[in-house]
Amino acid sequence: MSQREENLGQYMARRGISRRTFLKFCTVMGSTMALSPAQAAEMAETMAKATRQSVIWLSFQECTGCTESITRSHNPTLESLIFDFISLDYHHTLQAAAGDAAEHAREEAMKKHKGKYVVVVDGSIPMGENAHYSTIAGITNEQMLRDTAKDCFAIVTVGTCAAFGGIPAARPNPTGAVAVSDIIKDKPIINVSGCPPMPQVMTGTLSHILTFGAIPELDHLGRPIAFFGETIHDRCYRRPFYEKGQFAKSFDDEGARKGWCLYEVGCKGPTTYNACANLKWNGADTFPVQSGHGCLGCSEPNFWDQAGGFYAPLSVGDWGSHEVLAGAVVAGAAVGAAAAVAGRSKQKSAHEEKKS
Amino acid sequence: MSLSDIPVTVEPLQRPTGMAHALLREIADHLAELDSTGTAGAIDLSSLPMNSADIEELKALLGRGEVEVGVDTVGRSEFYETTYTGVWWASHYGDDGSKLTERIEITAVPEMIKSHPDDIRNAHQRLRDALPTDDQETRQ
Amino acid sequence: MTLLEFARGPAMEWSLIILVAGVVLRFAGIFLLTRHKTYFRTKGGSTLAAGLRTIGTRSAPTPDLEHRVRFSHYTGYLWHIGLFITVLFYAPHILFFESILGFGWPALPTSVVLAAAAVTLAVLIALLIRRMVHPVLKTISGFDDYASWFVTTLPLVTGLVAFGHLGADFGWRYETLLAVHILSVELLFVYFPFGKLFHPFSIWFTRYMIGGQMEQRGVRA
Amino acid sequence: MSLNREAFNKFAEMAGQLADMDTPVEMPDDQRVANAKRVMMEKMDAPKAAMLESCIHCGMCAEVCHFYMTQEDGKFTPILKLDLLKRVYRRELSPLRWMHRLYTRDVTIEDLEEWQELVYDTCTVCGRCSLICPMGIHIAAMMPIMRNAYSAAGMVPAELHLMDSQQDQGHLFGVGKDEFIGLIEQLRSQGLEIPVDKDKADIMVLTSVLDIMVSQDSLIAMIKIMNHLGYDWTFRTDGYECANFGMLSGDEEVHLKASKKIIDAAVACGAKKVIVAECGHSYPALRYEAPDIWGHALPFEVLATSEFLGQEVEKGTLKLKKAEGVHTVTFHDPCKNNRWGGVEKEPRAVLTALGLEIREPDSTGRTNICCGGGGGAFLINRTADYRQRVFELKRDQIDATGSEALVVTCGSCRLNFEVGKMKSNWGKPVESLVEMVGDNLDDGAARSGTGSP
Amino acid sequence: MAERVVVDPITRIEGHLRIEAATDDAGNISSAYSSGTMVRGIETILKGRDPRDAWAFAQRICGVCTLVHGIASVRSVEDALNYKIPQNAQLIRNLMIGAQYVHDHVMHFYHLHALDWVDVVSALDADPKKTSELAQSISDYARSSPGYFKDVQKRVKELVESGQLGIFANGYWGHPAYKLPPEANLMAVAHYLDALAWQRDVVKLHAILGGKNPHPNFLVGGAPSPISIDAGATTGGAAGTALNVVTLNTIRSIIQSMQQFVDQVYVPDTLAIAGFYKDWFARGEGTRNFMVFGDLPEKGMDDPDSFFFKPGVILDRDLSRIEPVDLNDPEQIKEFVSHSWYDYSTGKDAGLHPYDGETELNYSGRGGPAPPYKQLNVDDGYSWLKSPRWRGQAVEVGPLARVLMLYAQGHEPTRELAGMALKKLDAPIEAMFSTLGRTAARTLESKLVADQMMNWLDIMVANIKAGDLKVHNEEMWDPKTWPKEARGVGYMEAPRGALSHYIVIKDGKIDNYQAVVPSTWNAGPRDPENVAGPYEAALQDNHSLHDAAQPIEILRTIHSFDPCIACAVHVNDPDGEEVVKVKVR
């Protein structure tokens with residue numbers, strides 16, 4: 001099969017797809033990823049020389065929401081991605097093969113693209129003595145991740161579970177779930193967090209690897225800065241109301257209907273780094289805050305365990321209870337009274353000393 | 001029962017924010033550079049905080065010139081030259097017809113309209129292949 | 001546990017405990033001390049009325065003396081009012097109080113609060129400089145004065161920094177800035193009962209008492 | 001009537017030698033410190049504690065203190081003068097004492113030495129600082145505790161300590177009961193009718209060492225006034241001296257002892273009213289402080305001279321002629337009478353009755369600036385320069401009113417002004433209120449005295 | 001016992017499922033074992049949290065049915081607190097559920113199930129022109145020109161020739177069980193791609209009403225999508241929310257697009273493909289029992305008469321009798337762990353009602369083999385799923401149960417539609433009790449629901465017109481208004497079947513939470529009586545494997561249930577203690 005070695009440019013050319021297609025793809029990607037317009041052409045040239053990127057998608061302790069999300073990608077579409085740009089060689093939810101055949105597909109891809117394939121992971125992983133809480137084909141997720149990651153080029157974690165532990169790792173983490181980065185230390189890991197991540201952010205990140213053959217610039221949590229560089233609040237269309245002090249006080253008051261800021265009903269936009277407010281969801285020109293519910297903060301680590309829950313305003317502390325404060329009052333009064341009583345007796349003895 | 005029965009007023013247009021006029025300056029700067037050094041420039045409108053009224057205003061300010069080009073590849077892309085020669089309006093649409101991005105390109109010919117040398121080489125090869133096999137002649 | 005979680009969780013709880021317990025402790029410790037009896041014939045009217053009146057009248061210097069303390073008087077009010085606006089009328093703060101008190105109140109536009117905070121900060125800085133150079137203030141000021149200034153100003157600075165997302169260039173993220181802001185407020189809470197910052201609690205009583213004491217001698221305090 | 005210049009000069013000379021005549025109290029340093037601290041602790045109570053806890057170090061008290069106003073030295077800040085008290089309170093009684101002990105220095109003998117100047121020399125306990133404090137700290141009310149402590153530590157400035165000892169022995173500046181009787185006899189010889197040591201009298205009148213020595217005219221005026229009013233009054237030789245150096249030095253024992261003489265005398269003659277001579281501190285010393293030290297209410301009413309005169313004028317019992325040769329006056333409120341005693345409108349009623357136009361200075365009445373010599377400071381020689389500066393401040397204020405004369409109703413105010421006048425060649429007459437009244441009694445008017453006040 | 005066939009992973013499902021099947025010498029499946037191999041413990045995680053937050057956690061049980069657990073969760077809180085929600089909120093939920101049905105069923109059919117019946121490689125041999133004729137003969141769907149099919153074919157060809165088949169790699173292509181002619185295969189592949197594009201538009205409805213999809217937002221007490229009718233609300237500016245006059249119109253057109261796709265593509269394709277696999281109407285019957293909890297109220301959950309799906313149980317195929325269901329009755333609903341990796345304090349064979357349920361993870365102690373393993377220990381525990389039973393009976397839930405219930409209840413449109421379909425396939429109603437019957441029921445149900453949606457939208461628009469904008473009831477939002485203790489059950493008909501969430505609230509916090517989900521009913525292991533659940537029973541019904549190495553037969557039947565395993569695996573821990581016991585070897 002001589003054609004196996006052909007690069008993406010040749011593959012596309014053979015399909016009658018012109019280099020214009022690359023250019024367009026790169027132009028549009030450039031816009032999504034906030035690259036400078038001049039980089040598009042350069043991207044297109046690089047990309048033409050690449051082979052279709054082999055991608056192995058591993059699903060562990062997950063809910064399949066991340067996969068569902070990527071099927072909603074408008075730009076590029078999933079079908080364009082899997083037909084034109086990547087080779088999705090293993091993906092439970094989408095692949096035709098099952099059982100042993102599926103596992104063979106993974107092994108073949110690993111062998112053939114040794115050192116070049118990208119591993120996408122969704123779901124957290126129960127580690128060590130808890131590993132038996134999730135198995136596939138009789139082997140533990142931890143083992144499968146280690147085996148598959150060994151010869152990869154990079155790992156892209158999609159979803160907050162794979163990136164940071166997510167819901168399985170939420171208190172009290174009954175299955176001892178951990179993030180990919182807790183297990184794999186020797187490979188570049190790109191965290192595409194979100195519950196689920198935005199489709200464009202997943203496809204955009206994959207496209208970046210595809211077009212530049214390199215890891216995009218990452219923030220301190222390993223997330224691509226192009227998508228996670230700003231908070232929801234920074235780009236929220238309701239931000240002007242925040243500035244004006246106009247807040248919805250409940251979910252269905254006048255303020256809510258007028259689109260006022262949802263800070264007071266618990267929006268976590270100010271501390272959540274994600275692209276929802278500028279890319280918008282599902283091609284519907286909206287995102288959670290716009291639809292009326294506060295941001296849950298789903299692209300941040302530990303968002304499941306954040307203080308006060310989803311409806312406590314961000315500025316409200318998780319400060320215990322009134323009972324605790326009442327206890328503090330009692331304790332304070334007791335100590336203060338004791339101090340005063342001791343002080344009085346001191347004064348009294350001073351007085352008597354004087355008399356004597 | 002239809003939606004038009006709902007007793008509300010819909011104001012379809014937003015007010016322009018003045019962004020369009022600001023952009024004209026930037027376009028003029030790019031044009032000057034194109035004129036003097038031949039360097040092409042581009043402005044990505046989707047990444048700017050422009051509302052629909054701003055876009056309409058900018059379109060009106062630039063006008064529509066002589067050339068119009070459509071490109072069909074993974075959805076349609078449309079280019080037209082504005083009344084200012086060298087200033088092109090480019091709109092890219094996706095497979096599903098949704099607008100992906102909108103740009104202003106300041107160049108003699110937008111890159112996407114030009115044929116890529118690889119494509120030309122490929123076309124040449126394909127045409128050669130398609131020609132009736134007159135061995136002696138084509139082999140040179 | 002992230003810094004923000006720490007700030008909003010245990011740090012908040014403990015600082016509130018220290019604040020509340022500290023204030024009550026100091027209050028009880030002071031007011032349960034002895035009281036000396038007065039035997040002289042009193043002269044003025046009701047000491048209760050005079051005490052209550054003094055709480056109000058001491059809010060401004062007595063007119064004859066006002067010109068001597070005008071600067072302190074106005075700057076004092078300026079930054080206190082600025083701080084109150086910032087603390088009490090910024091929507092996120094109101095929510096914090098609501099979580100403790102169980103009720104809230106309307107907020108002011110962020111721009112107003114921002115302006116108030118900026119003015120407050122400017123005045124506080126001016127007052128710090130004055131404290132360091134003024135013959136009286138530099139003489140009588142000690143650790144508590146500078147510490148109190150610091151713990152009061154710090155939340156203002158950290159709040160403004162967090163608000164403006166300043167520090168992004170150094171890789172400081174908003175939640176870190178927010179956490180630092182909350183921690184700085186908690187520092188204020190913790191320090192509050194122990195230094196001169198306690199005065200908002202005692203001022204009402206001391207004013208009341210001087211009013212009564214002077215009234216007993218027929219003098220308007 | 002006016003000041004006896006000769007006597008005044010003699011008095012000034014005597015005052016200058018007081019320090020040399022004093023026998024300092026011998027005591028080990030740690031005993032001094034212990035005594036001082038003991039007194040500070042003993043005197044502390046909840047209101048004072050609350051006040052000491054409340055200072056925000058705003059510095060406003062300094063701005064209204066005449067010593068700071070005239071010298072702009074931060075150490076004269078009133079609240080700072082209480083610092084030792086505050087430290088003792090913090091270390092010993094504050095609810096946070098365990099914390100304060102970590103960083104609050106204990107009071108040392110050096111501290112006591114350093115603060116002596118602040119407690120005696122540069123504080124006349126005038127109470128103006130207490131008026132401005134935005135926190136409501138009654139700074140001046142705590143100053144006496146400092147003096148009590150110094151007294152217990154045997155660290156009262158020599159001049160005051162000497163006077164304290166003299167008061168204890170029953171004479172001041174060598175003026176005792178005998179000298180008083182001598183003066184009475186002399187005045188009687190001049191034809192004055194003077195009731196002395198009556199067994200029964202409605203009103204007992206006090207005099208002061210200053211009147212006896214320097215301003216006999218004041219004493220004469222008072223006698224004339226009392227006679228003019230026709231009340232049943234008397235001097236008592238077992239209780240005539242109103243000046244109380246025990247209060248000024250901080251020696252409560254002496255304070256009470258001196259006050260007890262008066263109390264006993266008044267009780268003996270059944271006086272309903274005791275009139276304190278024109279001597280500022282004597283008024284609160286007897287009226288307010290003595291009962292608190294004694295622990296009993298006084299069985300009589302105590303009135304300052306100006307207060308008594310004003311009341312009589314207002315009652316219409318005291319008829320006065322229009323004063324001659326002077327039309328406009330400025331009245332200087334003694335802090336001890338006004339800020340510490342609530343006497344404000346009475347002297348002004350008297351001046352009005354004298355047909356005088358009162359020209360008030362910038363800050364007057366309740367907020368009047370002290371003469372600079374109150375609280376015993378007048379006698380402390382090393383403060384002369386401080387006092388002079390305050391005098392100049394006062395002088396400029398009074399000059400600004402454009403009045404023809406200054407009227408005072410306190411001996412030490414009067415002497416302080418006189419000293420200042422001398423030093424700076426100020427020409428404005430300084431008049432005594434009681435003397436002005438004595439000079440302008442309307443003898444034409446029917447005696448309305450009914451024999452009882 | 002000749003052979004143990006193991007299929008792990010079962011792909012094209014949600015979650016992690018393993019099937020082990022014992023075959024006899026003839027290759028017939030004699031006994032089958034279904035095992036969920038992944039556990040997360042979401043119910044344990046939910047304990048102690050704010051009940052108002054629960055939906056977000058519960059929703060993450062599954063990203064495919066993405067909204068069903070959110071809705072069941074908010075309903076459980078509302079049921080516990082007797083918290084009434086506005087009608088508009090009810091209708092918004094119905095619209096979201098409806099869109100979920102159609103979206104989920106279509107995606108299941110094309111993207112998860114179709115490849116069991118459609119040979120992608122065979123599509124390369126199709127004649128595009130003939131394909132076009134075929135397509136036009138069954139539907140008037142617009143995209144059916146020869147050129148269109150040629151394009152699709154070309155695309156697939158390029159993919160195959162590139163040597164990188166991606167998701168199509170290692171499929172059982174060419175397996176004799178594939179019976180469609182190349183043209184039908186090509187048509188199906190084309191529609192595979194069409195459906196992928198179409199579904200993106202459908203989820204816009206969720207995005208408008210819930211902010212995003214997957215995992216749209218919900219709200220206890222109503223819906224988090226205030227209706228903006230202000231001038232300016234529709235201009236995309238700041239003065240409004242996502243739900244306004246313009247987007248109501250968008251929703252209308254989305255519903256139309258759904259109806260159109262179902263009518264023109266989904267239904268005809270199902271019938272066309274089924275026509276080639278009629279033998280699959282004769283195998284894969286499950287337990288003969290079917291259960292529906294009911295859902296899609298026009299008015300409220302307290303008015304079951306206004307439900308589109310009404311509750312009931314059908315026993316032993318008897319459509320003439322409908323047993324009533326009571327979710328709160330401990331006699332009716334019990335969960336067993338005799339073949340699960342859990343311990344009960346009452347012994348492993350006793351059943352417990354969800355309110356009294358307990359869960360103690362005990363993998364090793366209950367027969368879990370140490371990974372890596374080849375085979376499960378089916379005599380003891382072999383799954384993270386429990387085995388729920390209704391009055392001791394294993395029952396099947398899901399589209400088939402619902403369609404049968406509608407049919408049995410005499411729902412006219414259902415009878416008409418089913419009659420049409422069965423007539424076209426020349427099959428009796430009994431044919432529905434089968435693998436393909438299950439798949440067909442899903443298709444029919446999609447049409448019934450899609451047609452119903454416009455009705456709900458019209459009611460909502462009428463409400464808005466009458467000035468009723470209410471979407472959330474504020475009254476009980478504050479936990480201070482709640483009773484000290486409350487418990488309730490939130491139920492719904494998820495696309496995959498009857499779903500119930502049980503919640504116990506104490507002092508404003510979750511004291512106990514558990515979900516009994518459709519796939520537990522269907523995919524659960526054997527009960528103490530060794531009675532198989534629907535998956536296992538269906539596989540044991542007339543299945544023979546042509547090639548044990550390519551067990552496509554197993555996939556067909558398992559996929560007909562549309563497995564959703566993450567949902568089914570759960571931990572509940574009502575005793576308020578951490579009882580997760582981990583024993584290794």
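So you know, we letter chains A, B, ... as the sequences are listed, proteins then strands, and number each from 1.
- The candidate with the highest count of non-hydrogen atom pairs below 4.5 Å against chain E, out of A:Gly309, A:Gly65, A:Gly138, is A:Gly138.
- Among E:His16, E:Arg18, E:Met38, the single residue meeting the side-chain contact (heavy atoms from CB on, under 4.5 Å) criterion with A:Ile136 is E:His16.
- Of all the heavy atoms in E:Asn217 and A:Leu296, the pair that sits closest is OD1-CD1, 4.0 Å.
- Put simply, of A:Ser250, A:Gly294, A:Ala131, A:Ala102, the one with the most heavy-atom pairs under 4.5 Å next to chain E is A:Ser250.
- Only the side chain of E:His103 comes within less than 4.5 Å of a heavy atom of chain A; its backbone N, CA, C and O stay farther away.
- Of the residues listed (E:His215, E:Gln59, E:His69), the one engaging A:Cys63 in a side-chain contact (heavy atoms from CB on, under 4.5 Å) is E:His215, and it is the only one.
- Between the CZ atom of A:Phe310 and the CG atom of E:Asp50 there is a distance of 10.0 Å, given to the nearest 0.5 Å.
- Closest of all the heavy-atom pairs between E:Gly166 and A:Asp89 is CA-OD1, 3.5 Å.
- Options A:Ser291, A:Ser87, A:Gly292, A:Ser59 differ in how many heavy-atom pairs under 4.5 Å they form with chain E, and the most are formed by A:Ser291.
- Using a 4.5 Å heavy-atom threshold, the side chains of A:Ser134 and E:Val39 count as separate.
- Contact detail for A:Ala96 and E:Leu115: the closest heavy-atom pair is CB-CD1, 3.7 Å.
- Among the candidates A:Ser54, A:Pro288, A:Ala284, the residue making the largest number of heavy-atom pairs closer than 4.5 Å to chain E is A:Pro288.
- Taking every heavy atom of both residues into account, E:Gly240 and A:Tyr237 meet most closely at O-OH, 2.7 Å.
- Only the backbone of E:Phe218 comes within contact range of chain A, with at least one heavy atom under 4.5 Å from a heavy atom of that chain.
- Of all heavy-atom pairs spanning E:Lys204 and A:Gly283, the tightest one is CE-O, 3.1 Å.
- Side chains of E:Leu361 and A:His132 form no contact here, defined as non-hydrogen atoms less than 4.5 Å apart.
- E:Arg60 contributes atom CZ, which lies 13.5 Å from atom OG1 of A:Thr64 (distance to the nearest 0.5 angstrom).
- Interface residue E:Ile167: backbone and side-chain heavy atoms are both found under 4.5 Å from chain A.
- Contact annotation for E:Trp477: only side-chain heavy atoms (C-beta onward) come within less than 4.5 Å of a heavy atom of chain A.
- A salt bridge does not link A:Arg72 to E:Asp201: none of the charged nitrogens lies less than 4.0 Å from a carboxylate oxygen.
- With chain E as partner, the option from A:Thr140, A:Ile167, A:Ile86 having the largest number of non-hydrogen pairs under 4.5 angstrom is A:Ile167.
- Of the two parts of E:Ile554, neither the backbone nor the side chain holds a non-hydrogen atom closer than 4.5 Å to a non-hydrogen atom of chain A.
- In this structure, chain A has a heavy atom under 4.5 Å from the side chain of E:Leu555, while its backbone stays farther away.
- Here CZ of A:Arg257 is found 6.0 Å from NZ of E:Lys470. Values are rounded to the nearest 0.5 Å.
- Heavy atoms only, all atoms of each residue included: E:Gly171 and A:Ala97 are closest at N-CB, 4.1 Å.
- Atom-to-atom distance recorded for E:Leu376:CG and A:Thr135:OG1 is 8.0 Å, nearest 0.5 angstrom.
- Within the model, atoms CD of A:Gln95 and CG of E:Asn170 stand 8.5 Å from one another, a figure rounded to the nearest 0.5 Å.
- Side-chain contact between E:Val64 and A:Thr67: absent, with no pair of heavy atoms (C-beta onward) separated by less than 4.5 Å.
- When A:Asn141, A:Thr71, A:Ile139 are compared by the number of non-hydrogen pairs under 4.5 Å with chain E, A:Thr71 comes out ahead.
- Considering OH of E:Tyr363 and OG1 of A:Thr175, their distance stands at 14.0 Å, rounded to 0.5 Å.
- Residues A:Ser69 and E:Lys212 fail the side-chain proximity criterion, which asks for heavy atoms closer than 4.5 Å.
- A donor-acceptor pair is defined here as one N or O able to donate and one able to accept, closer than 3.5 Å; no such pair exists between the side chain of A:Gln290 and the backbone of E:Gly211.
- Contacts of E:Ile45 with chain A are made by both backbone and side-chain atoms, with heavy-atom separations under 4.5 Å.
- Contact of A:Ala256 with chain E is made through backbone and side chain together, with heavy-atom distances under 4.5 Å.
- A 4.5 Å side-chain heavy-atom check between A:Glu142 and E:Pro371 finds every atom pair outside the cut-off.
- For a residue to count as touching a neighbouring chain, one of its non-hydrogen atoms must lie under 4.5 Å from one of that chain's; by this rule E:Tyr172 touches chain A with the side chain only.
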